[in-house]
Amino acid sequence: MPPAAKAKPRPVAPPLPPAAASGVRCWLAKSEPSVFSIDDLARVKKTAWEGVRNYQARNHMRDDMKIGDAVLFYHSNATPPGIVGLARVASAPYPDATQFDRKSEYHDPKATKDAPRWFLVDLAFVEKFPNPVSLEALRADPELTGMLVVKKAHRPSVQPVDPRHLLRVADVAGSAHARAMVGG
DNA sequence: GCCAACGTTGGC
DNA sequence: GCCAACGTTGGC
């Protein structure tokens with residue numbers, strides 16, 4: 001029996017959106033462009049998605065995200081707020097180093113290296129959309145009804161996205177790569 | 001800057 | 001386990 005089979009089962013996770021035909025899951029990650037924008041991601045190509053301090057968002061990164069998953073890149077506290085590009089998950093989950101760094105604004109005194117509290121994945125740049133989709137436009141699109149990001153005060157900064165919603169956003173945004181990543 | 005809508009913390 | 005106080009997110 002593989003060791004994993006002996007692991008204590010975690011509480012049942014909330015239902016995920018249906019997997020796309022490819023098995024790739026879809027997500028949305030928020031970032032304030034004044035802190036880290038899609039242009040920053042385009043420049044560095046890949047980054048550790050550090051500083052997430054919300055348990056739901058952490059659980060998505062630690063438990064559910066797989067290498068190759070598609071991630072919509074959302075600018076919050078922006079003018080206008082909205083989805084501006086596409087990234088992909090580029091690592092397995094690992095502890096967020098900033099939780100151990102006393103000088104970091106993300107330092108968590110309750111976290112230890114033996115018992116890390118915060119996990120992250122790396123995100124890699126895929127594309128900046130030719131036509132970003134504002135929050136206002138997301139809300140106005142009947143095909144995007146139910147998308148978490150349009151719900152008032154839906155806070156987790158990493159959240160699941162229905163692949164159909166991702167493909168719709170990608171079409172409106174003029175994406176060149178989403179269909180190849182997600183299928184459909 | 002305002003403030004609604006959260007999530008977290010800690011006293012009890 | 002309850003819940004008031006507090007802190008944060010994020011649109012506006």
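Residue numbers begin at 1 in each chain, while the letters A, B, ... track the order of the sequences.
- When each of K110(A) and N54(A) is assigned the nucleotide of DNA chain B bearing its nearest heavy atom, the one mapping closer to the 5' terminus is N54(A).
- Connectivity analysis of hydrophobic side chains (ILVMFWY, heavy atoms under 4.5 Å, direct or indirect) links Y55(A) to W118(A).
- Not a single side chain to side chain donor-acceptor pair (under 3.5 Å) links S134(A) to another residue, sequence neighbours left out.
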Give the B/S/- string for nucleotides 6-12 of chain C, one per nucleotide from 5' to 3', where a protein heavy atom under 4.0 Å of the base yields B, of only the sugar-phosphate yields S, and otherwise -.
-> -BBSBBS
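- The ring pair (Phe, Tyr, Trp, His ring centres under 6.0 Å) check on H165(A) picks up nothing, with sequence neighbours excluded.
- Residue pairs meeting the salt bridge (Lys or Arg N to Asp or Glu O under 4.0 Å) criterion with at least one member in residues 66-79 of chain A, sequence neighbours excluded, do not occur.
- K110(A) and D108(A) are not joined by a salt bridge, as no carboxylate oxygen comes within less than 4.0 angstrom of a charged side-chain nitrogen.
- The nearest heavy atom of DNA chain B to K152(A) and to Y55(A) marks one nucleotide each, and the one closer to the 5' end goes with K152(A).
- Sequence neighbours left out, the pairs with a member in residues 49-58 of chain A that pass salt bridge (Lys or Arg N to Asp or Glu O under 4.0 Å) are R53(A)-D96(A).
- Listed by residue number, there are no residues of residues 93-109 of chain A with a heavy-atom contact under 4.0 Å to DNA chain C.
- In terms of the salt bridge (charged side-chain N to carboxylate O under 4.0 Å, His left out) criterion, residue partners of E143(A) (sequence neighbours excluded) are, by chain and number, R168(A).
- For R179(A), the salt bridge (charged side-chain N to carboxylate O under 4.0 Å, His left out) partners two or more places apart in sequence, or in a different chain, are D171(A).
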